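As the structure is a prediction and not an experimental result, all values here were calculated from the model. Counting convention: from 1, in listed order, for ligands and their atoms alike.
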Amino acid sequence: MELKITCIPGDGIGPEIVNEAKKVLNKVAKKYGHTMNYTDILMGGASIDVHGVPLTDEAIETAKAADAVLMGSIGGDTNTSPWYQLPPNLRPEAGLLKIRKALNLFANLRPAYLYPELADACPLKKEISEAGFDMMIMRELTGGLYFGERKTVEENGVKKAIDTLTYDENEIRRIAIRGFDIAMKRRKKVTSVDKANVLDSSRLWRAVVNEVAKDYPEVTLEHMLVDNCAMQLVKDPAQFDVILTENMFGDILSDEASMVTGSIGMLSSASLNDTKFGLYEPSHGSAPDIAGKDIANPIATILSAAMMLRYSFDLDKEADAIEAAVKKVLEDGFRTGDIYSEGCEKVGCAKMGNLIAERI
Ligand code: NAD
C-alpha cells in the first residue's frame, strides 16, 4: 500500500520527534511491504520565520492532498519568543486552529493508557494503578460552548457575560458514529458523558447517541453524568473503554485522564473528520526548554503514528506492531529522562527511536 503522509515537524522538539516517528514508520513499511510517501510543510513559528504567517494556503493544499497528517508540535517560549509579539492571528497557534478548520477536524481522540512499567508515575492509589487502565476519550472539537455566540454587555451598570452552548443533531450524530466505530476496534463499550439532568443540549446528545447505538448492537452503551465521570476517572478508571463527549466536557476530562497516566511524553492524539483523513500529534507541546538537546521523549509521536496507521489506513496489524515495540522497549528497561526511574537505562530521543524501530 502507498501511504501519502504530510508531515509537520513544527517548532521546538517537533523536528526531533517527527524524525523518530518516520524512522519507525519506515521500519514498518519495510517489514510489511508498504511505501511511505512523505511531504513536509511548515507550520507555526517555522512558517512565520519563512513566510510571515503561521500557515500558508499552499501548505493547507498540500495537507489536503495527503491521506493523513503527522505533526510534531508548534510554538515557542511564550514569554521570550518574538513570535508572541505578533497579533494573535499571526502567532504559531493560529496555524493549528486554521488547519483544524480547513480540514474539518471535528473529532478529537486521546488515549489514556497506563503502562505497567510506568505505574509509579500514576498519582492514584496503588490498588487502582495496579489494575491498569486503557481508555480513549472522543471529544467533539468544533461545536458547543467554545464556538457558540458570546458577548459581554452592561445592564443598569452591571456587567454581564453570555456564552451559548449549541449542538444540532447532525453534529452529535457524526461524532457519535465516530465514537462507536472506534469502540468496534476496541473493547466495544461506549460511555457517553453529558449533563442531561440540567442541559437541553445534553438531552438531545443522549437521544441522538441512543439512536446511533441501534446500528451497533455489539457495542455496550452507558450514559454517565459529567460530574460522576470526573469522579470515576480517579476512582475506577479501568471501567472505561471509549468515553464519548462534547467539547468542553471533553477538554476537561481528557486532561484529567492524561494526568492520571503521569507521563506527558507518552500521550498521543488524533483529530479526525468524517472521512478516513486525520491529523495525528502528541498531546504535549513543543517543549522549547529541551529542544535540540536530543533528550525529548519521542514515544507520544511514535504512538500517534500508530494511531494514524490504525484509523486513517486501517492497518491494525502494523499499528499493533508499533504499540508492542513501545511496550517491549519499556519492558527492556529503556527510558528517556522524563520517564526515568532508578535501575533503568537512560537514553536520548534518537536512541529511543532506534530501539523502537529495532523491535518492529
Ligand atoms: P509543553 O508540553 O511543551 O511542555 C511542558 C513540560 O513538559 C516541559 O517541561 C517540557 O520539557 C516537558 N515535555 C513536553 N513534551 C515532552 C517530551 N516529549 N519529552 C520530554 N519532556 C517533554 O507545554 P508548554 O511548555 O506549556 O508549551 C510550550 C509551547 O508548546 C508553547 O508555545 C505552547 O503554545 C505550545 N503547545 C503546542 C501544542 C500543539 O502544537 N498542539 C500543544 C500544547 C502546547
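- Within the cation-pi definition used here (under 6.0 Å to the ring centroid, within 45° of the axis), K317 does not qualify as a partner of Y32.
- Per-atom contact check: atom 15 (N) of ligand 1 touches the protein, criterion being a heavy-atom distance below 4.0 Å.
- Atom 32 (O) of ligand 1 has as its closest protein heavy atom G76 O, 2.6 Å.
- In summary, the side chains of Y115 and S263 do not present any donor paired with an acceptor at a separation below 3.5 Å, with no hydrogens or angles considered.
- Here's the thing with T78: none of its N/O atoms is less than 3.5 angstrom from an N/O atom of ligand 1.
- Counting the atoms of ligand 1 from 1 in the order shown, those under 4.0 Å from a heavy atom of M71 are 40 (O).
- Every atom of ligand 1 is numbered from 1 in the order shown, and the set under 4.0 Å from a heavy atom of G285 is 1 (P), 2 (O), 3 (O), 30 (O), 36 (N), 37 (C), 38 (C), 42 (C), 43 (C), 44 (C).
- Contact annotation: the side chain of N26 approaches that of Y38 to within less than 4.5 Å [non-hydrogen atoms, C-beta and beyond].
- Taking the charged nitrogens against the carboxylate oxygens, D255 and R110 do have a contact shorter than 4.0 Å, which makes a salt bridge.
- Every atom of ligand 1 with a heavy atom of A296 under 4.0 Å away is listed here by number and element: 19 (N).
- Counting heavy atoms from C-beta outward, N297 and M266 have side chains that approach closer than 4.5 Å.
- Nearest to atom 7 (O) of ligand 1 by heavy-atom distance, out of I295, I264, L96, is I264.
- Using a 4.0 Å cut-off between a side-chain N of Lys or Arg and a carboxylate O of Asp or Glu, K185 and D181 do not qualify as a salt bridge.
- Side chains of H34 and E318: a donor on one and an acceptor on the other come within 3.5 Å.
- Nearest to atom 13 (N) of ligand 1 by heavy atom, out of A287, G44, G337, is A287.
- Considering only heavy atoms from C-beta on, F249 stays 4.5 Å or farther from I243 through its side chain.
- Distance screen at 4.0 Å: atom 38 (C) of ligand 1 has a protein heavy-atom neighbour inside the cut-off.
- Not a single protein heavy atom sits closer than 4.0 Å to atom 25 (O) of ligand 1.
- The protein heavy atom nearest to atom 30 (O) of ligand 1 is S286 N, 3.0 Å.
- In this structure, the side chain of T39 does not engage the main chain of T6 through any donor-acceptor pair within 3.5 Å.
- In the vicinity of G75, heavy-atom distances shorter than 4.0 Å reach the ligand 1 atoms 32 (O).
- When side chains are defined from C-beta on, L253 counts as touching E256, because their heavy atoms get closer than 4.5 Å.
- Nearest to atom 33 (C) of ligand 1 among the protein's heavy atoms is E93 OE2, 3.6 Å.
- Of the candidates I290, I339, I8, I290 brings a heavy atom nearest to atom 20 (C) of ligand 1.
- Looking from atom 41 (N) of ligand 1 to the surrounding protein, the closest heavy atom is E281 OE1, 3.0 Å.
- Annotation: side chain to side chain donor-acceptor pair (under 3.5 Å) contacts involving residues 137-148, sequence neighbours excluded, comprise R139-N247, E140-T142, E140-Y167, T142-R174, Y146-D251.
- Salt bridge absent: K27 and E358 never bring a charged side-chain N and a carboxylate O closer than 4.0 Å.
- Interface atoms of ligand 1 facing P288, defined by a heavy-atom separation under 4.0 Å, are 28 (C).
- Of the heavy atoms in N297, both backbone and side-chain atoms come closer than 4.0 Å to ligand 1.
- For ligand 1 and Y84, the ligand atoms under 4.0 Å from any heavy atom of the residue are 32 (O).
- Against a heavy-atom cut-off of under 4.0 Å, I74 is close to the following atoms of ligand 1: 30 (O), 35 (C), 36 (N), 37 (C), 40 (O).
- Atom 9 (O) of ligand 1 has as its closest protein heavy atom D289 OD2, 3.1 Å.
- For ligand 1, none of its N or O atoms has an N or O atom of D77 under 3.5 Å away.
- Of the charged side-chain nitrogens involved, none lies within less than 4.0 Å of a carboxylate oxygen, so that R359 and E331 do not count as a salt-bridged pair.
- We find that E117 and R335 are not joined by a salt bridge, their nearest charged nitrogen and carboxylate oxygen being 4.0 Å or further apart.
- In terms of polar-atom proximity, defined here as any N/O pair under 3.5 Å, S73 does make such a contact with ligand 1.
- By the criterion of a heavy-atom distance under 4.0 Å, the side chain of I13, and not its backbone, is placed next to ligand 1.
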